[in-house]
Amino acid sequence: MADSNPPERTTELKERLDAVRARLDAACRAAGRAPGAVSLLAVTKTVPASDVADLIDLGLTGFAENRAQEAGTKVAEVAALRPDADPRWHFVGGLQRNKVRAVLPWVTRIESVDSPRLARAIDKEVGRAEQRGERSGPLPVLVQYSVDGDPHRGGVPDGDLDELSDLVAGLPGLELAGLMAVAPLDREPARAFAAIAEAARRLRERHPSATELSAGMSGDLELAVDHGSTVVRVGTALVGDRRIASE
Ligand SMILES: *Cc1c(COP(=O)(O)O)cnc(C)c1O
């Protein structure tokens, strides 16, 4: 692992971050929302720990990963590179139940809870970790909502949202913080975000403390902000198309 980036890469990351922040500010203004109403989560799934270290130096505090194993390694590397930083790590990918235990030591929030089985598995591991004295308190999670109900893409179909959110809200090891969604590429984006916003509104009505809406990525963050997103998850626009494997 490279401990630090070449200066050109650090400069590139700074320019990209400035551009994303400018887009986010403009989107908040255009939507009539306060600047800073939407937080920025850097999706670092394709880049090395040295990029995360640079982004920490540039003031970012929230990061997202979508593969348990890659993430665990990276979290440890970042902790070694920036021992005084305390970044938040969100998990945003498909999570197998047998990987829950591995992510618990570092994960701040799991955004991809989309089935009762996964919810129960997380609850069980949180309980065990508490008994071992390794953590205390429930883990904040988001329920991942599927706009089109396609089971291959992850997310709970619309008809199962209420039941899953009631289950999550009732599990002692989980704290239902809100909704996460990915707008499908093959849908008219404004309609997809309208459906996501409606699902989030329904969730908040049932569970008033579930206020977060994690929606919007590099290509559609403006639309997401316009539809009430509170967190955008930005990968490509921030870090480019680099992949760890090509290093
Ligand atoms: C990769 C990823 C993102 C970021 O997508 P970009 O288009 O690269 O910004 C956001 N959310 C999830 C769940 C992802 O897997």
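Only a predicted model underlies this, so the values are computations on that prediction, with no experimental measurement involved. Residues: numbered from 1 along the sequence shown. We count ligands from 1, going down the list as the structure has it; atoms in each ligand are counted the same way.
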Any N/O pair Val234/ligand 1 closer than 3.5 Å: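 Min N/O separation from ligand 1 is not below 3.5 Å for Val234.
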For atom 12 (C) of ligand 1, closest protein heavy-atom neighbour: Arg233 NE, 3.8 Å
Atom 13 (C) of ligand 1 [closest protein heavy-atom partner, distance rounded to 0.1 Å]: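 Nearest protein contact, heavy atoms only, for atom 13 (C) of ligand 1 is Val92 O, 3.5 Å.
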Ligand 1 atoms in contact with Lys45 (distance to a heavy atom under 4.0 Å): 1 (C), 2 (C), 3 (C), 14 (C), 15 (O)
Under 4.0 Å to a heavy atom of Thr236 - the qualifying atoms of ligand 1, by number: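 Close to Thr236: 6 (P), 7 (O), 8 (O), 9 (O).
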Selected option - heavy-atom contact closest to atom 10 (C) of ligand 1, from Met180, His90, Met217: Met217
Of the listed options Ala42, Gly94, Ser218, Ser214, closest to atom 9 (O) of ligand 1 (non-hydrogen atoms): Ser218
Under-4.0 Å salt bridge between Asp25 and Arg29: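 Judged by the 4.0 Å cut-off on N to carboxylate O distance, Asp25 and Arg29 do not form a salt bridge.
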Asp114 and Arg153 ion-paired at < 4.0 Å: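 So Asp114 does not pair with Arg153 through a salt bridge.
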Ser218 (side chain) donor-acceptor with Ala237 (main chain) under 3.5 angstrom: yes
Non-neighbouring partners of Phe91 that pass ring-ring contact (aromatic ring centres under 6.0 Å, His included), sequence neighbours left out: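 Checked Phe91 against ring-ring contact (aromatic ring centres under 6.0 Å, His included); zero matches.
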Under the salt bridge (charged side-chain N to carboxylate O under 4.0 Å, His left out) test, residues paired with Arg206 that sit two or more places apart: Asp162, Asp166
Heavy-atom neighbours of Glu198 CD exceed 12 at 6.0 Å: yes
